[in-house]
Amino acid sequence: MPIRYVVDPLLQRVLAVAEGTVTYSEIVAYLKKEQDDNCLQLHELIDAKQATAAFSPAEVHQVVARLRDLGHHSTLGATAVVVGDDISYGMLRMLGILGEDVCDIRPFRSRNEAEEWLNTIDMPRTGGAGKMNRS
């Protein structure tokens with residue numbers, strides 16, 4: 001799997017790295033692993049500078065549908081994705097716009113910008129599903 005992660009216990013944040021070609025099926029598998037590991041509610045920083053989005057706009061809609069389903073059962077933390085190319089930026093921007101009713105996903109060009117944004121987002125409330133509060 002080109003996406004791997006660890007949980008930073010001090011920050012209570014998922015730190016992930018995506019490399020190579022990232023497909024729709026790999027995104028679904030990644031979300032399943034996060035669900036199985038009870039990490040969906042944590043904010044997440046994904047370093048995808050060495051990755052390329054290899055999924056279609058139709059598959060973006062399928063990912064959004066999966067996120068909505070997950071959001072009915074768990075609170076979803078904010079996700080900042082540091083990208084290295086324009087196609088990935090556009091696909092992640094589309095994902096963020098289409099899924100804004102259930103979670104916050106934003107692409108960034110630099111890790112510093114991504115971390116600064118994540119630091120402005122309140123931690124999700126526990127025990128319920130839905131979009132988190134912004135500060």
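The figures here come from the full heavy-atom set of this structure, side chains too, leaving out hydrogens, waters and symmetry mates.
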request  = With rounding to the nearest 0.5 Å, note down the distance linking OH in Tyr89 to CZ in Arg106.
outcome  = 9.5 Å
Pair Glu34, Tyr30: side-chain N/O donor-acceptor within cut-off below 3.5 Å = yes
ask   = What pair of heavy atoms forms the shortest contact from Val81 to Ala48, and how long is it?
value = CG1-CB, 3.9 Å
query = Does atom CD of Gln50 have more than 12 heavy-atom neighbours from other groups under 6.0 Å away?
reply = no
key: Pairwise distance CZ(Arg68) to SG(Cys103) - rounded to 0.5 angstrom   = 9.0 Å
Check: Arg13 main-chain N/O paired with His43 side-chain donor or acceptor under 3.5 Å = no
inquiry  = Hydrophobic clustering (ILVMFWY, side-chain heavy atoms < 4.5 Å, transitive) - are Val82 and Ile121 grouped together?
reply    = yes
inquiry  = Could you walk me through whether Arg66 and Leu70 satisfy the side chain to side chain contact (heavy atoms under 4.5 Å, CB included) test, starting with their C-alpha distance in whole Å, then the side-chain angles of each, then the deciding distance to 0.1 Å, before giving a yes or no?
reply    = CA-CA 6 Å; Arg66 178 72 181 128; Leu70 291 169; 3.6 Å; yes
task = For Leu31 and Leu67, run side chain to side chain contact (heavy atoms under 4.5 Å, CB included): C-alpha distance rounded to whole Å, both residues' side-chain angles, the deciding distance at 0.1 Å, then the answer.
result = CA-CA 8 Å; Leu31 291 171; Leu67 290 169; 4.0 Å; yes
ask   = Looking at CG of Asp85 and NZ of Lys49, how far apart are the two atoms once the value is rounded to the nearest 0.5 Å?
value = 13.0 Å
query = Looking at CG of Leu42 and OG1 of Thr79, how far apart are the two atoms once the value is rounded to the nearest 0.5 Å?
reply = 10.0 Å
note = Shortest non-hydrogen pair, Val22 vs Phe55, comes out as O-CD2, 3.4 Å
query = Under the 3.5 angstrom rule, does the side chain of Ser88 hit a backbone N or O of Ala53 as a donor-acceptor pair?
reply = yes
inquiry  = With clusters defined by side-chain heavy atoms of hydrophobic residues (ILVMFWY) lying less than 4.5 Å apart, directly or transitively, does Leu11 cluster with Val17?
reply    = no
key: Working for side chain to side chain contact (heavy atoms under 4.5 Å, CB included), residues Leu95 and Met91   = CA-CA 6 Å; Leu95 181 64; Met91 296 302 269; over 6 Å; no
Heavy-atom closest contact (Ala18 atom, Ala51 atom, distance) = O-CB, 3.4 Å
ask   = Roughly how far, to the nearest 0.5 Å, is the CG atom of Asp86 from the CZ atom of Arg109?
value = 4.5 Å
request  = Output yes when a side-chain donor or acceptor of Glu59 lies under 3.5 Å from a complementary backbone atom of Ser56, and no otherwise.
outcome  = yes
inquiry  = So, taking the atom named CG in Asp37 and the one named NZ in Lys32, what distance separates them when rounded to the nearest 0.5 Å?
reply    = 10.0 Å
key: Asp36/Lys33 salt bridge by N-O under 4.0 Å criterion   = no
request  = Tell me, yes or no, whether the heavy-atom count around Ile87 atom CD1, taken from other residues, nucleotides or ligands under 6.0 Å, exceeds 12.
outcome  = no
query = Tell me, do Pro57 and Met94 make a side-chain contact under 4.5 Å, heavy atoms counted?
reply = yes
key: Distance-minimising heavy-atom pair for Asp69 and His73   = O-CD2, 3.0 Å
query = Linking I/L/V/M/F/W/Y whenever any side-chain heavy atoms sit under 4.5 Å apart, do Leu92 and Ile97 land together?
reply = no
